[in-house]
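Please read the structure below before turning to the comments.
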Amino acid sequence: MLPPAFYDRPTLDVARDLLGAVVVRGEVRLRIVEAEAYLPGDTAAHASRGRTPRNAPMWGPPGHAYVYLCYGIHHMLNLVTEPDGVPAAVLIRGCEVVGGHELVRARRGRGGLDLIGPGKVGQALGLDTSWSGAPLDGELHVVAGPPPAAVLTSPRVGIDYALPEHRDAPWRFRAAAEGSVVSCF
DNA sequence: ACAAGGATCCTCT
DNA sequence: GAGGATCCTTGTT
């Protein structure tokens, strides 16, 4: 499984390198195909408005989860990066189911196995805010996987409130679908 | 103690 | 393509 040192690096590098890796909780195994970086000093990041009980894990040691509730419904999974004391994380925005299909189907209901969208990832893993701050070395962890053949970058989603230089920064990373040409952006 | 809004998803038209 | 769901976190009174 990926060690804390993997996360203890510049967040943009970690976000890109997470593509192809597999998030594991029990039977459920999800290959990461889309992620966004939230950097120190980034006005799109929760951490930019100061440390609060909710976002405290972002300041914590690397290799831990930061899970929060969005729109009262969706549990978002982030992986904390950079050294202890530096607030940064990678949001897992999209995955492919590579194990535990039945459990994912049961958790997602009619939603099926499509896991493009951070809320769907949290639901497929059965996460809630009690997982926030959990180390990624136990029931929830990440293992290495084959990297994608190509990586697409684009601006991040849903952060219109951020300063333009952060709103427009290409800090969203997506694995190019196998056999596809560059498109969809 | 209160009000506002959010790193979204699903359904319906 | 638009709107509602849904509730916690946060900053303010």
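All chains are named by letter (A, B, ...) in the order of the sequence lines, taking the proteins before the strands, and each is independently numbered beginning at 1.
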Residues of residues 38-54 of chain A with a heavy atom under 4.0 Å from any atom of DNA chain C, listed by number, are R49(A), T52(A), P53(A), R54(A)
Between A35(A) and V90(A), the two heavy atoms sitting closest are CB-CG1, 3.7 Å
Sorted by chain and number, sequence neighbours left out, side chain to side chain contact (heavy atoms under 4.5 Å, CB included) with D42(A) holds for Y38(A), L39(A), A44(A), A45(A), R156(A), H166(A), W171(A)
For P62(A) and P83(A), the nearest pair of non-hydrogen atoms, with its separation, is CD-C, 4.2 Å
Answer with base, sugar-phosphate or nothing: what part of the nucleic acid does L91(A) contact at a heavy-atom distance below 4.0 Å? base
| Side-chain donor/acceptor of N55(A) to backbone N/O of G50(A), under 3.5 Å | yes
- Could you give me the CA-CA distance, side-chain angles and deciding distance for V33(A) and R174(A), then say whether side-chain contact (heavy atoms from CB on, under 4.5 Å) is met? CA-CA 6 Å; V33(A) 297; R174(A) 186 166 184 170; 5.7 Å; no
Exercise for the section: Flag the pair Y66(A) / H46(A) as yes when at least one side-chain heavy-atom distance between them is below 4.5 Å, and no otherwise. Expected result: yes
Validation row: E82(A), D8(A) side chains within 4.5 angstrom (heavy atoms): no
Could you list the donor-acceptor pairs under 3.5 angstrom formed by side chains in residues 15-22 of chain A, with sequence neighbours left out?
from, atom 1, to, atom 2, distance (Å)
D17(A), OD2, R9(A), NH1, 2.9
D17(A), OD2, R9(A), NH2, 3.1

With a 4.0 Å cut-off (strictly under) to non-hydrogen atoms of chain A, the first and last hit nts on DNA chain C, 5' to 3', are dA5(C) to dG11(C)
Quiz item: Is the distance between the ring centroids of H75(A) and Y68(A) under 6.0 Å?
Solution: no
Expected list for residues 57-66 of chain A near DNA chain B, using heavy atoms below 4.0 Å, is M58(A)
With sequence neighbours left out, the residues meeting side chain to side chain donor-acceptor pair (under 3.5 Å) with D114(A) are K120(A)
Practice item. May I ask you to test the T153(A)-R172(A) pair for a side-chain heavy-atom distance under 4.5 Å? Key: no
Which donor-acceptor pairs under 3.5 Å do side chains of residues 124-148 of chain A form with protein atoms, sequence neighbours excluded?
from, atom 1, to, atom 2, distance (Å)
D128(A), OD1, S130(A), N, 2.7
D128(A), OD1, S130(A), OG, 2.4
S132(A), OG, V67(A), N, 3.1
S132(A), OG, V67(A), O, 3.2
E139(A), OE2, R25(A), NE, 2.9
E139(A), OE2, R25(A), NH2, 3.2
H141(A), ND1, G138(A), O, 2.9

task: Using the side-chain contact (heavy atoms from CB on, under 4.5 Å) rule, take V98(A) and L30(A) through it: C-alpha gap first, then chi angles, then the decisive distance, then the call.
output: CA-CA 6 Å; V98(A) 293; L30(A) 307 181; 6.0 Å; no
Quiz question: by atom type and distance under 3.5 Å, do the side chains of Q123(A) and R107(A) form a donor-acceptor pair? no
For F6(A), the ring pair (Phe, Tyr, Trp, His ring centres under 6.0 Å) test, sequence neighbours excluded, returns none
List every contact pair, protein side and nucleotides 9-13 of chain B side both N or O, where the distance is under 3.5 Å.
from, atom 1, to, atom 2, distance (Å)
dC9(B), OP1, G117(A), O, 3.2
dC9(B), OP1, P118(A), N, 3.0
dC9(B), OP1, G119(A), N, 3.0
dC9(B), O4', H74(A), NE2, 3.0
dC10(B), OP1, R108(A), NH1, 3.0
dC10(B), OP1, R108(A), NH2, 3.2
dT11(B), OP1, R110(A), NH2, 2.3

The complete set of side-chain hydrogen bond (donor to acceptor under 3.5 Å, both in side chains) pairs with one or both residues in residues 83-104 of chain A, sequence neighbours excluded, reads R31(A)-E96(A), E34(A)-R93(A)
Each base of DNA chain B marked ( ) or [ ] if paired in-strand (Watson-Crick or G-U under 3.5 Å), | if paired to another strand and . if unpaired gives ||||||.|||||.
- Query: Between W59(A) and V86(A), is any pair of side-chain heavy atoms under 4.5 Å apart?
  - Reply: no
So, with a heavy-atom separation below 4.0 Å from DNA chain C, the residues of residues 10-32 of chain A are none
